[in-house]
Every structure is written in C-alpha cells, then in structure tokens.
Amino acid sequence: MLDIRFIRENAERVQDSALQKGYKDVDIKKLLELNEARRELQQRVDELRTQRNNNAAKMKDGKPEQSLIDEGKQIKIALAEREDYLTNAEREYTDAMNVVPNIIFDDVPIGGEEDSVEIKTWGDKRDTAIDHLDFAVKRDWVDFEAGAKVAGAKFYYLKGDLALLENAIYQFALEFVVKNGFTFMTVPHMVSERIAYGSGFAPKSSTESNEYFIDNENLMLIGTAEAPLTGYHADEIIDEDRLPLLYAGYSPCYRKEAGTYGKFTRGLFRVHQFNKLEMYAFCLPEQSRDIHEKILKFEEQIWQTLGVPYHIINIASGDLGLPAAKKYDLEYWSPVDKKFRELTSCSNCTDFQARNLNIRVRRKDGKVEVLHTLNGTAVSLARSLVAIIENYQNEDGSLTIPEVLRPYMGGRERI
RNA sequence: GGAGAGGUGGCCGAGUUGGUUGAAGGCGCACGACUCGAAAUCGUGUAAGCGAGGAGACUCGCUUCGAGGGUUCGAAUCCCUCCCUCUCCGCCA
C-alpha cells in the first residue's frame with residue numbers, strides 16, 4: 001500500500017495513476033474522508049483511554065475506593081462503545097487503502113497493452129520456424145497427454161533431451177546471477193495469505209485470482225518466487241549499509257491461467273506449472289531506479305548470451321499490476337507467430353510491497369523508513385524452451401544447442 | 001500426530017500471589033571524557049506505529065511484552081483459541 005501521508009499530499013496524482021492503471025473503483029476523495037473519520041474516532045478513544053489509565057493509576061498502591069472503581073466501570077462502558085466504532089472505521093479505511101495501486105513513474109506510457117513503447121531491439125530475426133509443440137512432440141520431448149491424464153489440461157512432462165536442456169538453461173542462468181552478486185535461495189513454494197497479499201498477489205477473492213489456494217490451510221501455492229522472496233524480510237528493519245540485498249530464488253510457479261487457451265498460448269508458452277529463476281532486490285529508495293535498469297541489463301545479457309533476438313518494451317500504465325511503478329518486458333522474436341512474445345519482465349515496486357509487509361531500513365542517522373523492492377525474471381524455463389526451439393531448430397528436425405549451454409549438456413552441439 | 005517446556009526491546013535475559021515495568025540487568029551500538037592514536041575504563045544516550053502541538057530541535061497522548069478473543073476499575077502477568085520454537089515419542093527422504 002501507499003503511505004497515507006503521501007496520498008494526502010498527492011491526492012490528484014494518486015487518483016490519476018489509479019485511473020491510468022485501470023482501477024476505476026478507486027476513490028481517493030472517499031479514502032481521505034474515511035481516514036479523517038478514523039482519526040477523529042481515534043482521538044476520542046485515546047481521550048477515554050487516558051481517563052482509564054489515570055483512574056487506574058490512582059488505585060495503584062492501596063485499597064481501591066469504591067467510587068474510583070465505579071468511575072472506572074463507567075469509562076469502560078463508554079470506551080467499549082467507541083472502540084467498536086473505531087474498529088469499523090479502521091476496517092473501512094484499510095479496505096479502501098488496500099485497493100489503491102502504486103503510482104506510476106513519469107516515464108511510463110499511458111494507455112493499454114498496445115501503448116507499451118519499444119525502447120530497444122537486439123539480434124537478427126529468423127524468418128520461419130516450426131511450432132515448438134509440433135517440433136518437440138515429434139522428438140518425444142514433451143507429453144501433454146500424460147500431463148492431462150495425471151493432473152489435467154496444461155500440465156505436462158518434459159522428457160529426455162528437452163528436460164536436460166531445461167536444466168542446462170537453469171544452470172547457466174544460476175551461474176550468471178551468482179556471478180553478478182545475487183545470493184541464491186530456494187524458497188517455500190507456498191506462502192501465507194499475509195505474504196501473498198502483501199507481495200501483491202491474491203486479490204480479494206480467490207475466485208478471480210490466478211493463484212491456487214490450499215483448502216483449510218491459509219496457504220497459497222506461489223505463482224512466482226517473488227512472493228516468498230518479498231516475505232523474507234517481512235517485519236524487519238535493515239541497516240542501511242547492508243543494502244542493496246540481492247537474491248535469486250528458484251521455484252516452480254503455479255498459475256491457474258483461466259480462459260487463456262488459444263493459438264498464442266499453445267504448448268509450453270502458458271501452462272499451470274513451470275520453473276523459474278527470479279532476481280529480487282531490497283534497496284534504498286534512491287537506488288531503485290538504477291537497480292531497475294541494472295536488472296534489465298542482466299536479463300538482456302542472459303538472452304544475448306543465449307543468442308535469442310528480442311526487444312524491450314516499457315509497459316503501459318494499463319498493463320501494470322497493483323504494486324509496480326514501472327515495468328519492462330523482454331520479448332523474444334517468434335519466427336512462428338511473426339511477433340515478439342513475452343519472455344521475462346522486471347518491475348520496480350518502490351515502497352509498495354515493502355510497506356505492506358513492514359520492511360524498513362534504518363539510516364545511518366537512526367531514521368527509519370520503508371525501503372524499495374524490485375523483481376525481475378532471470379529465466380522462466382518453459383518459455384525459454386519455446387524461444388530456443390523456435391530460434392535454434394534445424395530443418396532436419398534437430399536442435400542446435402546454444403553455445404553457452406553446451407557445457408551443461410555434456411559438450412553436445414545438437415540434440 | 002502424542003507428551004512436556006517456552007515465546008519479553010538489535011541480541012541475551014529479569015519480571016507469572018494482576019497495580020509508576022515500555023519494561024531491571026547485561027551485551028551490542030552512538031556520542032562524549034581519557035589517549036599521540038587505539039584498547040581498556042568512565043559518563044550519557046539508545047524500540048516502533050498512530051495522533052495532537054511546534055518553523056524546528058522537540059513536547060504530550062494512545063497502542064504494542066507471538067497473534068486474536070475474554071475476565072478486571074486495572075493484564076507482560078489470570079482464562080480460551082490459534083501460530084511458532086525447543087525436548088522426548090511416533091513417522092519418515
């Protein structure tokens with residue numbers, strides 16, 4: 001969530017950002033009124049609590065007089081009533097706060113998906129290729145039928161060389177992020193509601209969520225390692241000189257992806273479960289813009305090294321989620337679909353997630369403030385396979401292994 | 001899953017016949033003194049959130065002793081539920 005003081009001082013900007021992101025129900029004026037009401041009730045409750053405390057203090061040492069006890073009872077009754085009002089006011093207020101999205105940066109394009117701005121392209125585009133699923137099935141590298149039998153549609157098995165290739169990409173990317181200062185972590189694959197909510201997943205009801213929830217357990221299967229990585233430092237105050245903290249988390253990602261069947265989501269491109277290596281940063285507010293660019297550079301380096309053509313787009317406001325202030329996507333060139341398709345993305349969430357989960361920094365002068373968080377995909381494995389099959393396939397049905405992956409494939413050049 | 005013990009400030013650790021205990025003491029940290037400098041020593045300070053006042057340094061009120069609920073004039077202290085940690089047993093990768 002945002003800082004209420006920031007909202008108060010920048011009401012118009014926050015309202016504009018919400019609309020530009022497509023959150024039409026957000027009403028900042030109403031929110032500020034709810035906050036005002038809350039504050040007034042808070043003051044009245046505080047007054048009564050002061051009376052209660054003073055009254056109790058008089059009875060501290062000695063036998064309580066009946067008149068004081070009676071007075072205390074009166075206070076107690078009045079207090080209980082006002083505390084009820086306050087509790088309700090607080091609930092209304094926090095409900096309203098929780099739906100206010102992060103503001104967007106000035107350099108975010110306004111509009112919907114089609115308004116995202118290309119800021120860079122790299123590599124030579126290939127003209128044609130066979131669909132990755134047809135290609136892989138022919139080689140017996142992937143089995144969606146068995147996946148459907150065992151777990152349902154959009155579940156799959158990777159087999160043989162393709163499964164080995166997935167592992168090779170993972171090993172390559174892992175080495176890359178560790179070399180660049182990220183601390184590697186494995187993470188819980190489920191998170192509690194609080195962490196899910198705080199990191200920006202799990203909206204109000206589970207029905208409209210992309211996430212899987214565990215019955216009767218207050219747990220959610222993670223859709224990305226971003227969730228447990230964000231929660232890692234929940235409720236902590238981190239000394240300034242420890243920042244930035246860079247982590248890389250590897251995990252399976254579980255997503256419902258309801259209603260996304262179609263030509264462009266065939267095969268491994270959009271599935272219910274895939275593995276992903278995620279970069280994550282906790283940093284000082286003044287560092288987050290630079291680190292965002294740096295994470296983007298890392299993503300580019302990975303795909304340049306793998307030799308897959310791509311472009312970078314600055315995502316338009318309407319496509320940003322609740323927590324992001326700015327987001328870049330790296331989209332690879334698909335010679336099958338003759339267009340760029342999403343491969344990785346990185347977001348600057350500024351203090352939005354951190355405030356939800358109470359993650360702060362202690363400055364050298366002792367001041368405490370909410371820090372910033374960022375996340376970016378190192379490699380999303382299922383999609384990486386699609387990109388590589390499309391861009392490295394040979395006419396004889398074999399697949400050339402990108403050079404940097406060969407050390408992880410027993411030195412083989414093709415499969 | 002069963003039995004028992006516990007969860008207090010950045011850390012360790014007092015406080016459990018309810019009443020100046022937001023919380024002793026120690027460590028750590030910051031500043032100062034001493035020193036050519038450092039160590040040691042001594043002194044002072046050292047939680048966060050919300051709200052009110054002030055230009056500001058700050059001052060005041062409220063909340064927080066795992067979380068939530070209850071008893072009471074008053075709860076870190078008593079009761080209930082849940083979560084977590086530790087020990088033993090069971091079960092296993």
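So you know, we letter chains A, B, ... as the sequences are listed, proteins then strands, and number each from 1.
Of the two residues near RNA chain B, A:Thr50 and A:Lys73, the one whose nearest nucleotide lies more 5' is A:Thr50.
Taking every heavy atom of both residues into account, A:Pro244 and A:Gln287 meet most closely at CD-NE2, 3.7 Å.
Taking the C1' atoms as reference points, B:U77 lies 11 Å from B:U8, given to the whole Å. Across the C1' atoms, B:G22 and B:A93 are found 47 Å apart, a figure rounded to whole Å. Going from the C1' atom of B:A76 to that of B:A67 covers 15 Å, rounded to whole Å. Comparing the same atom, P, in B:U59 and in B:G69 gives a spacing of 32 Å after rounding to whole Å. Rounded to whole Å, the C1' atom of B:G70 lies 48 Å from the corresponding atom of B:A55. Comparing B:C82 with B:A3, their P atoms are spaced 13 Å from each other, to the whole Å.
Partners of A:Tyr232 by ring pair (Phe, Tyr, Trp, His ring centres under 6.0 Å), not counting sequence neighbours, listed by chain and number: A:Tyr247. Judged as a ring pair (Phe, Tyr, Trp, His ring centres under 6.0 Å), and not counting sequence neighbours, the contacts of A:His292 are A:Tyr328. Looking at residues two or more places apart in sequence or on another chain, you find no side chain to side chain donor-acceptor pair (under 3.5 Å) involving A:Asp290. Residues passing the salt bridge (Lys or Arg N to Asp or Glu O under 4.0 Å) test with A:Arg363, sequence neighbours excluded: A:Glu240, A:Glu286, A:Glu369. Partners of A:Arg362 by side-chain contact (heavy atoms from CB on, under 4.5 Å), not counting sequence neighbours, listed by chain and number: A:Ile237, A:Asp239, A:Val368.
Rounded to whole Å, atom C1' of B:U64 lies 13 Å from atom CG of A:Asp235. Rounded to an integer number of Å, the gap from A:Asp239 CG to B:U46 C1' is 13 Å. In this structure, A:Glu193 places its CD atom 16 Å from P of B:G68, rounding to the nearest Å.
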Would you give me the side-chain donor-acceptor pairs under 3.5 Å for residues 89-96 of chain A, sequence neighbours excluded?
{"unit_1": "A:Arg91", "atom_1": "NH1", "unit_2": "A:Asn88", "atom_2": "OD1", "d": "3.2"}
{"unit_1": "A:Thr94", "atom_1": "OG1", "unit_2": "A:Glu90", "atom_2": "O", "d": "2.9"}
{"unit_1": "A:Thr94", "atom_1": "OG1", "unit_2": "A:Arg91", "atom_2": "O", "d": "3.1"}

Return all side-chain donor-acceptor pairs below 3.5 angstrom for residues 162-177 of chain A, not counting sequence neighbours, or 'none' if the list is empty.
{"unit_1": "A:Glu166", "atom_1": "OE2", "unit_2": "A:Asn275", "atom_2": "ND2", "d": "3.2"}
{"unit_1": "A:Asn167", "atom_1": "OD1", "unit_2": "A:Gln171", "atom_2": "NE2", "d": "3.4"}
{"unit_1": "A:Glu175", "atom_1": "OE1", "unit_2": "A:Tyr408", "atom_2": "OH", "d": "2.9"}
{"unit_1": "A:Glu175", "atom_1": "OE2", "unit_2": "A:Tyr408", "atom_2": "OH", "d": "3.3"}

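No donor-acceptor pair under 3.5 Å is formed between the side chain of A:Lys256 and the backbone N or O of A:Tyr212. At distances below 3.5 Å, at least one donor-acceptor pair connects side-chain atoms of A:Gln15 with backbone N or O atoms of A:Ile28. Between the side chain of A:Glu83 and the backbone N or O of A:Val45, no donor-acceptor pair lies under 3.5 Å. Panel note: side chain A:Glu299, backbone A:Leu330; no donor-acceptor pair is recorded below 3.5 Å.
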inquiry  = Strictly under 4.0 angstrom, non-hydrogen atoms only: write out the protein contact profile of nucleotides 48-58 of chain B, one letter per nucleotide from the 5' end, B, S or -.
reply    = SSSSS------
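Relative ring orientation between A:His189 and A:Tyr254 is described as tilted, the plane-to-plane angle lying within the 30° to 60° band.
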Distances for protein N/O vs nucleotides 74-83 of chain B N/O pairs under 3.5 angstrom?
{"unit_1": "B:G74", "atom_1": "OP2", "unit_2": "A:Lys76", "atom_2": "NZ", "d": "3.4"}

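At the heavy-atom level, A:Asp70 lies nowhere under 4.0 Å from the strands shown.
For B:G61, the OP1/OP2 oxygens have no side-chain nitrogen or oxygen of A:Asn53 closer than 4.0 Å.
For RNA chain B, runs of at least 3 consecutive pairs of the Watson-Crick or G-U wobble type, with both hydrogen-bonding distances under 3.5 angstrom, map to B:1-7 with B:83-89, B:10-12 with B:25-27, B:28-33 with B:41-46, B:47-53 with B:58-64, B:66-70 with B:78-82.
Near RNA chain B, defined here as any heavy-atom distance below 4.0 Å, there are no residues from residues 77-90 of chain A.
Counting only residues at least two apart or on different chains, the side-chain hydrogen bond (donor to acceptor under 3.5 Å, both in side chains) pairs with a member in residues 102-113 of chain A are A:Asn102-A:Thr350, A:Asp107-A:Lys326.
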